[in-house]
Amino acid sequence: MNHINWDQLADRVEQAIGKLDVRYADVRLERTESTTVHFAGDRLDTAARSFDAGGLARVLLPGGGWGVAGFNSFDEIEDRLSAARDCAAVQAGEGETVPLADAPVVVDRIVHDPGEDFREIPLADKVELARGYNNRLLEVDGRIVDTDVAYADRYVEKLLLTSEGGRIFQATPYCQVAVLASARSGDNIQRAFETDGDTRRGYAVAADIDARVEEVARRAVDLLDAPRVRGGRYPVVLDPKLAGVFIHEAFGHLSEADHVCENPQAREMMVLGRQFAPDFFNVFDDATMAGQWGSHRYDDEGVMTRPVPLIKNGRLTGRLHSRYTAARLDEQPTGNAHALNYQHAPIVRMTNTYIAPGTEGLDDLLAPIKEGVYACGMFGGQTMLENFSFSAAHARMIRDGKLAEPVRDVVLSGNLFQTLGDVSGLGNDLQMFSGGCGKGGQSPKPVSLGSPHLRIDNVLIGGA
Amino acid sequence: MTRTTEIQLDQIAETLARRADAWEAFEMRRRELGVSFEAGQLRTCSVTTRSGVGMRVVAGGRLACGGTSDPTAVGDTIDSVIESAAFGDRAEFDFAPPADSPVDGLHDAEVAQLAPDELVAAGRRILDQLDDIAAEATVSVHLSASADRTGFINSPGQRFAYETTEYSLSIDVECFGQDDIFRLWESDAHCSVGGVDADDLVRRVRSRYEQARNVVPAERPKVIVFSPHGLNALLAGLMVGLNGENVADGVSPLADRVGEQLLDERLTVIDDGSLPGRPGTQPFDDEGLPTRRNVLIDAGRVAGFLLDLRTAAELGGQSTGNAARGLTSAPGPAESNTLLAPGDTPLEAMLADVGDGLLVEYLMGVGQGNLLAGDYANSVGLGFRIRDGQVVGRVKNVSIAGNVYEDLRRVRAVEDAAHWFASVCLPHVAVEGIHVSGGE
């Protein structure tokens, strides 16, 4: 693999951009070296190092929208910039000029501390680490019939050049491990999984999860005996992880200004200051949190990130923007324009999204509930903006203020105009978790989500 | 600047032949043109070229795979793959033998040569047809035209190259009303422009939009009619059970039930990677075997699973030609084109017979749960009330739950026509006795 002199490459791209007659242009170049180790049951499915590289050029001309050209070979940069300009020219003069909000021009170079540098750990060690976790899962209980253990690291080097003089190089290490156990009893098959990752500790993230591996296997086995929850409306207490999924789906996506900026009725509905939740409820999106899975210093348009309050004292207070959506709504850019990788143009994305903690302990949150559900962990979530759903990994009934029998298949449904208003208790124990977000075919974007324990009155739980 | 597929692969093959006992290598090359209209405005025109190589070896009797999109990293990738074989599992199967495939009708010269302004014109025509809806809602249209070339070569001597095209269209509507938001979409894809009926998609969008404007209570329907989109979501659990990897790994409830009457006898589920024109069609699967039609559920009986070489060897059968892989990962069985055979009930008759019920268009959170046992619980993303055999309006805040294996034994009717969207072809199906929550 060719060694890349990023400074020389940057000079070359700057020159190429400088020759174009455009309103705006940018080029992102990326190279990634990854290692993936995947055990499935008693077999090693994958143990591979791989190399990926490519770029994307964007151009704006007056009277039109984006011309975009994507490519794999860095030899093609000049040619692809020209192709992007041709694409922009198809539209130019035909419609409205895509506006971009002003943003300071940035020249910066960030090489993140790799922590325990996974690039220096031999593949054999990573294989043995994953094999160890896999064997542990299989040994916990005879009813564990299948496992999935995936170790994945990638070192991503990204360069952004803009026609405004922006020049940003960022090198970021991502390391994560996921473990999944399937337990079986007759035709009843249940799964549990855990995943952890960050951009700070490097290989230490993966080496650190022994206790959780055992917990995953136990949880899969315990689910075999848990009955399906009876469907209906319940007061619920969400653990921090599931509450993080809740806010991501309930409000995070609607905070992405591209859902709102094109539609006058949407703008009316999502007017700043509107009360959606009680006044003790505060939500942020913050890419500046150190080392989280969704952290970045700059977004993929070169805008510096900052903490963005989304809900303050229960009121809509901010949105997540790209330079385009900010211009559209006459607000400030927030540094939330991200592309999953070089194969895509940036769109508005969440980064690290969380509910700020309150003061209650878990017992306080449980105490007033006569019959409810304590829902924990996540299988996932989805939103269609008004309605959203989020699936717990495991759950227990709450009876007379105390945790009671386990139940399974707890899938919670919410409504934007009701559920946030039904939040009635806020814990004091904020935790952040790594996850993957899907939007516009760009999935899974690394994000983190978090919350303290949360109580919500009156949530619809689908069940048999 | 081009490198022909064969030269690249021949060079890789030569190196692999010296260093491995058995090997396979493939190259993919894609050119994709796309235009996006958002809120009626042309926002993006894009052209993307993507290429890469992937390979799998048996070295020292053990398997390893890898790949790269970086043209300067091919040598490093080969080294890495050979190194990884030391950790790999023993190979219990052979790579694909030389064979031809009769499958064609995958490449359309018109699509390969489409220019951006032609896609733009097509998009504008659709927006013009929806301009009344666009006055009240945000209408977005995306069109793309892509041309792919795939080359493959392996140590037993299988060798081929094929080209495909894909033309795709999607229409998205987001409507914000008085504390009310709904979304709906329609899309389709085919190897040729003519294979995508834009007028039909526009008609369906319009029809659903009209139905969705009116909000009504759901009550407690005893019968649910799943639209083709809704049925696709319901079938997710069944498809997980039919995947040979889950069968081989011991987590499918269907492993010991081949031949058993599992579902209603009116249900026949087919996977067919050989159908001309469809996006899931390839002449050979990603391990180089000719694709074909596979009956998975035959009149309600379990007939077969989706298999690749490894899972077939493990289960003691033949690959069904369903191997799919990315550049860097090991192949695994995957759906190609999925079809459920039409039944004998016209849709209007189905609705009339149902009387009062629920029409499910989309489910949320599909796959976000323990699907292996067939259990599901999903919020209804877009659903409608059927009253006296008519669709009378949209319902909100409804959830359904059940088990796909049990629920598909309580089929009331299967529509007499099946509808394509991209690689899926399904009829409407009415099912009794699914648990419904919410809806007030």
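Chain A is the first sequence line, chain B the second, and so forth, proteins listed ahead of strands; every chain is numbered from 1.
Here the closest non-hydrogen pair linking B:V47 and A:R80 is CG1-NH1, 4.0 Å. Between B:Y362 and A:M384, the shortest heavy-atom distance links the atoms CD1-CE, 3.8 Å. The shortest heavy-atom contact between B:R257 and A:D187 is NH1-OD2, 3.0 Å. Nearest heavy-atom pair, B:L42 versus A:Q91, reported as atom, atom and distance to 0.1 Å: CD2-CG, 3.2 Å. Closest approach of B:C45 and A:C87 over heavy atoms only: O-CB, 3.3 Å. Residues B:S84 and A:A48 share a closest heavy-atom pair of OG-CA, 4.0 Å.
Side-chain contact between A:I461 and B:S437 is absent, with no heavy-atom pair separated by less than 4.5 Å. With contacts defined as side-chain heavy-atom distances shorter than 4.5 Å, the pair A:F71/B:T48 does not qualify. Residues A:Q382 and B:V366 have side chains not in contact (no heavy-atom distance under 4.5 Å, counting atoms from C-beta outward). Residues B:T328 and A:T36 are not in side-chain contact: their nearest non-hydrogen atoms beyond the backbone lie 4.5 Å or more apart. Inter-residue side-chain proximity for A:V411 and B:Q368 is flagged as unmet; no heavy-atom pair is nearer than 4.5 Å.
With a threshold of 4.5 angstrom between heavy atoms, A:T46 approaches chain B through side-chain atoms but not through N, CA, C or O. If you measure heavy-atom distances from A:D79 to chain B, you find no contacts under 4.5 Å at all. Only the side chain of A:Y342 comes within less than 4.5 Å of a heavy atom of chain B; its backbone N, CA, C and O stay farther away. Using a 4.5 Å cut-off between heavy atoms, A:L60 makes no contact with chain B at all. Interface remark: B:N246 contributes side-chain atoms only to the contact with chain A (heavy atom separation under 4.5 Å). Heavy-atom distances place the backbone of A:T383, and not its side chain, under 4.5 Å from chain B. For a residue to count as touching a neighbouring chain, one of its non-hydrogen atoms must lie under 4.5 Å from one of that chain's; by this rule B:F182 does not touch chain A. For B:R62, no part sits under 4.5 Å from any heavy atom of chain A, backbone or side chain. For a residue to count as touching a neighbouring chain, one of its non-hydrogen atoms must lie under 4.5 Å from one of that chain's; by this rule B:E83 touches chain A with the side chain only. For A:R408, the part sitting under 4.5 Å from any heavy atom of chain B is the side chain, from C-beta outward, and nothing else. Contacts of B:A137 with chain A are made by backbone atoms alone, with heavy-atom separations under 4.5 Å and no side-chain atom involved. For A:Y324, the part lying near chain B is the side chain, with the backbone staying farther off; criterion is any non-hydrogen pair under 4.5 Å. With a threshold of 4.5 angstrom between heavy atoms, A:V145 approaches chain B through its backbone and through its side chain. A:L56 does not touch chain B: none of its heavy atoms, backbone or side chain, sits under 4.5 Å away. Proximity to chain B (any heavy atom under 4.5 Å) is shown, for A:A88, by neither the backbone nor the side chain. Looking at A:H38, there are no atoms closer than 4.5 Å to chain B (heavy atoms on both sides), in backbone or side chain. Proximity to chain A (any heavy atom under 4.5 Å) is shown, for B:V436, by neither the backbone nor the side chain. In this structure, chain B has heavy atoms under 4.5 Å from both the backbone and the side chain of A:Q343. With a threshold of 4.5 angstrom between heavy atoms, B:S252 approaches chain A through N, CA, C or O but not through any side-chain atom. Neither the backbone nor the side chain of B:V81 comes within less than 4.5 Å of any heavy atom in chain A.
The pair A:E386-B:R183 does not meet the salt-bridge criterion, since no charged nitrogen lies less than 4.0 angstrom from a carboxylate oxygen. A salt bridge links A:R43 with B:E245: at least one charged nitrogen is closer than 4.0 Å to a carboxylate oxygen. Under 4.0 Å is where a charged nitrogen must lie from a carboxylate oxygen, and between B:R43 and A:D258 no such pair does.
We find the CG-OG1 distance between A:N263 and B:T138 to be 3.5 Å, quoted to the nearest 0.5 Å. Between the CG atom in B:N397 and the CD atom in A:Q418 there is a gap of 7.0 Å [rounded to 0.5 Å]. Atom OG1 of residue B:T72 and atom CD1 of residue A:I4 lie 7.0 Å apart, to the nearest 0.5 angstrom. Taking OG from B:S80 and CZ from A:F51, the interatomic distance works out to 5.5 Å, rounded to the nearest 0.5 Å. Atom CG of residue A:D42 and atom CG of residue B:D89 lie 7.5 Å apart, to the nearest 0.5 angstrom. In this structure, CD on A:Q265 lies 11.5 Å from CD1 on B:I181, to the nearest 0.5 angstrom.
Among A:S389, A:S34, A:A393, the residue with the largest count of heavy-atom pairs under 4.5 Å with chain B is A:S389. With chain A as the partner, the residue from B:H142, B:R50, B:H435 showing the most heavy-atom pairs under 4.5 Å is B:R50. Most heavy-atom pairs under 4.5 Å with chain B: of the set A:P264, A:A124, A:A84, A:A57, this distinction falls to A:A124. Of the listed residues (A:G41, A:G65, A:A266, A:A183), the one with the most heavy-atom contacts under 4.5 Å to chain B is A:A266. Listed options B:V35, B:L33, B:T68 were ranked by heavy-atom pairs under 4.5 angstrom with chain A; first place goes to B:T68. By number of non-hydrogen pairs under 4.5 angstrom with chain A, the leading residue of B:S140, B:C65, B:A377, B:A330 is B:A377. The most heavy-atom pairs under 4.5 Å with chain A, out of B:G75, B:A373, B:S379, come from B:S379.
Heavy atoms of other residues, nucleotides or ligands lying less than 6.0 angstrom from CG of B:D256 number 12 at most. Under a cut-off of 6.0 angstrom, the local environment of CZ in A:R267 is crowded, with over 12 non-hydrogen atoms contributed by other residues, nucleotides or ligands.
In this model, a donor atom of one side chain and an acceptor atom of the other lie less than 3.5 Å apart for B:S399 and A:S413. Between B:N370 and A:D409, the side chains place no donor N or O within less than 3.5 Å of an acceptor N or O (distance only, hydrogens not considered).
Side-chain atoms of B:D70 do not come within 3.5 Å of backbone N or O of A:A53 as any donor-acceptor pair. When atom types are taken as modelled, the side chain of A:R49 and the backbone of B:T77 share no donor-acceptor pair closer than 3.5 angstrom. Here the side chain of A:S50 pairs no donor or acceptor atom with the backbone of B:G66 at under 3.5 angstrom. In this structure a side-chain-to-backbone donor-acceptor pair under 3.5 Å is missing from A:N387 to B:G381.
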Please determine whether salt bridge (Lys or Arg N to Asp or Glu O under 4.0 Å) holds for the pair B:D179 and A:R274, giving the CA-CA distance in whole Å, both sets of side-chain angles, and the decisive distance to 0.1 Å. CA-CA 12 Å; B:D179 283 4; A:R274 177 172 177 167; 2.9 Å; yes

Assess whether side chain to side chain contact (heavy atoms under 4.5 Å, CB included) is satisfied between B:T49 and A:N72, documenting all intermediate values. CA-CA 7 Å; B:T49 55; A:N72 277 118; over 6 Å; no

